[in-house]
Enquirer: 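Before I ask anything, here is the structure I am working with.
Not measured: the values here are computed from a predicted model.
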Amino acid sequence: MALPLITSEIVDRVFAQLDVMEVELDADPLEYGPKRLNGKVASARGLLTGCERHFLQVSHWLQQYKKAHRAATLEFELIMQDMLANDPEVKAGQSVRDRDAIATVKVRSEREALSQMEVTIQDLEAMMQVIKAKRSDLRDVQGRLKDQM
């Protein structure tokens, strides 16, 4: 299973979409009548549905990346242990630190992939926090609209 590529453009796009998910409350809802209020309730419900869609998508991505990160971490550790035990070049190091350094250089691409996964997981967790905050805000607005009714 290939991981979806989470770029900064995707993160920015989600943040931009969340940024415009707003419903303005009227100071005096009676002034405009029930039709406008019902429209705002429907709008809030639609925005909340969109926010939930983002939540589910980002949750799925986060789960995929965490699962892949755990597997990649285990694989990296096994490769390192194998190199420390069996690779002649690594075993030729003078000290344990030298051996670790030589082995780490040999598995640099795996280490970079792990690092990139960690960065992506942090981005996804930040997106989850923002989505949760927006969802809470939209639920609050929806409750206030019901109170105005």
Enquirer: Show the nearest heavy-atom pair for residues Met83 and Val107, with the distance to one decimal.
Expert: SD-CG1, 3.5 Å

Enquirer: In Å and rounded to the nearest 0.5 Å, what is the CE to CG distance from Met128 to Leu62?
Expert: 6.5 Å

Enquirer: Rounded at 0.5 Å granularity, tell me how far CD in Glu24 sits from OG in Ser43.
Expert: 10.5 Å

Enquirer: For the residue pair Asp123 and Tyr65, establish whether any side-chain heavy-atom pair is separated by less than 4.5 Å.
Expert: no

Enquirer: Quick one: are Arg99 and Val96 in side-chain contact, heavy atoms under 4.5 Å?
Expert: yes

Enquirer: Any chain of hydrophobic side-chain contacts (each under 4.5 Å) joining Leu3 to Val11?
Expert: yes

Enquirer: I want to check something: taking the side chain as every heavy atom from C-beta on, are Met80 and Arg111 in contact at a cut-off of under 4.5 Å?
Expert: no

Enquirer: When rounded to the nearest 0.5 angstrom, what distance separates NZ in Lys35 from CG in Asn38?
Expert: 10.0 Å

Enquirer: If you compare all heavy atoms of Gly93 against all heavy atoms of Ile102, which two are closest, and at what distance to 0.1 Å?
Expert: CA-CD1, 4.2 Å

Enquirer: Is it true that Met117 and Ile10 fall in one hydrophobic cluster, defined by side-chain heavy atoms closer than 4.5 Å?
Expert: yes

Enquirer: Between Asp100 and Leu84, does a side-chain contact (heavy atoms from CB on, under 4.5 Å) hold up when you go through it step by step?
Expert: CA-CA 7 Å; Asp100 279 341; Leu84 290 170; 3.6 Å; yes

Enquirer: So, are Arg108 and Glu112 salt-bridged, with charged N and O less than 4.0 Å apart?
Expert: yes

Enquirer: Does the pair Glu125 and Gln129 meet the rule for a side-chain contact (heavy atoms from CB on, under 4.5 Å), with working shown?
Expert: CA-CA 6 Å; Glu125 287 174 342; Gln129 287 178 339; 5.9 Å; no

Enquirer: Check whether any side-chain N or O of Ser136 sits under 3.5 Å from a backbone N or O of Lys132 as a donor-acceptor pair, and report yes or no.
Expert: no

Enquirer: Inspect the surroundings of CD in Glu118 and state if more than 12 heavy atoms from other residues, nucleotides or ligands are less than 6.0 Å away.
Expert: yes

Enquirer: Tell me every residue that passes side chain to side chain contact (heavy atoms under 4.5 Å, CB included) with Thr73, counting only those two or more places apart in sequence or in another chain.
Expert: His69, Glu77, Leu114

Enquirer: Is Leu25 linked to Leu48 within one hydrophobic cluster, defined over Ile, Leu, Val, Met, Phe, Trp and Tyr using a side-chain heavy-atom separation of less than 4.5 Å?
Expert: yes

Enquirer: Measure the CE-CD distance between Met127 and Gln57 for me, rounded to the nearest 0.5 Å.
Expert: 8.5 Å

Enquirer: Would you kindly confirm whether Ile6 and Phe15 end up in one hydrophobic cluster when ILVMFWY residues are joined by side chain heavy atoms under 4.5 Å apart?
Expert: yes

Enquirer: Listed by chain and number, what are the salt bridge (Lys or Arg N to Asp or Glu O under 4.0 Å) partners of Asp82, not counting sequence neighbours?
Expert: none

Enquirer: Between CZ of Arg135 and CG of Asp140, what distance do you get to the nearest 0.5 Å?
Expert: 14.0 Å

Enquirer: Does His54 reach the side chain of Met21, with side-chain heavy atoms less than 4.5 Å apart?
Expert: yes

Enquirer: Side chains of Val20 and Leu47, heavy atoms from C-beta outward: is any pair under 4.5 Å?
Expert: no

Enquirer: Using the test salt bridge (Lys or Arg N to Asp or Glu O under 4.0 Å), find all partners of Glu89 that sit at least two apart in sequence or belong to another chain.
Expert: Lys106

Enquirer: Is there a path of hydrophobic side-chain contacts, each under 4.5 Å between heavy atoms, that joins Leu138 and Leu37?
Expert: yes

Enquirer: Quick one: CD1 on Ile131 to CZ on Arg53, what's the gap to the nearest 0.5 Å?
Expert: 12.5 Å

Enquirer: At their closest point, which heavy atom of Leu145 faces which heavy atom of Ala44, and how far apart are they?
Expert: CD1-CB, 3.9 Å

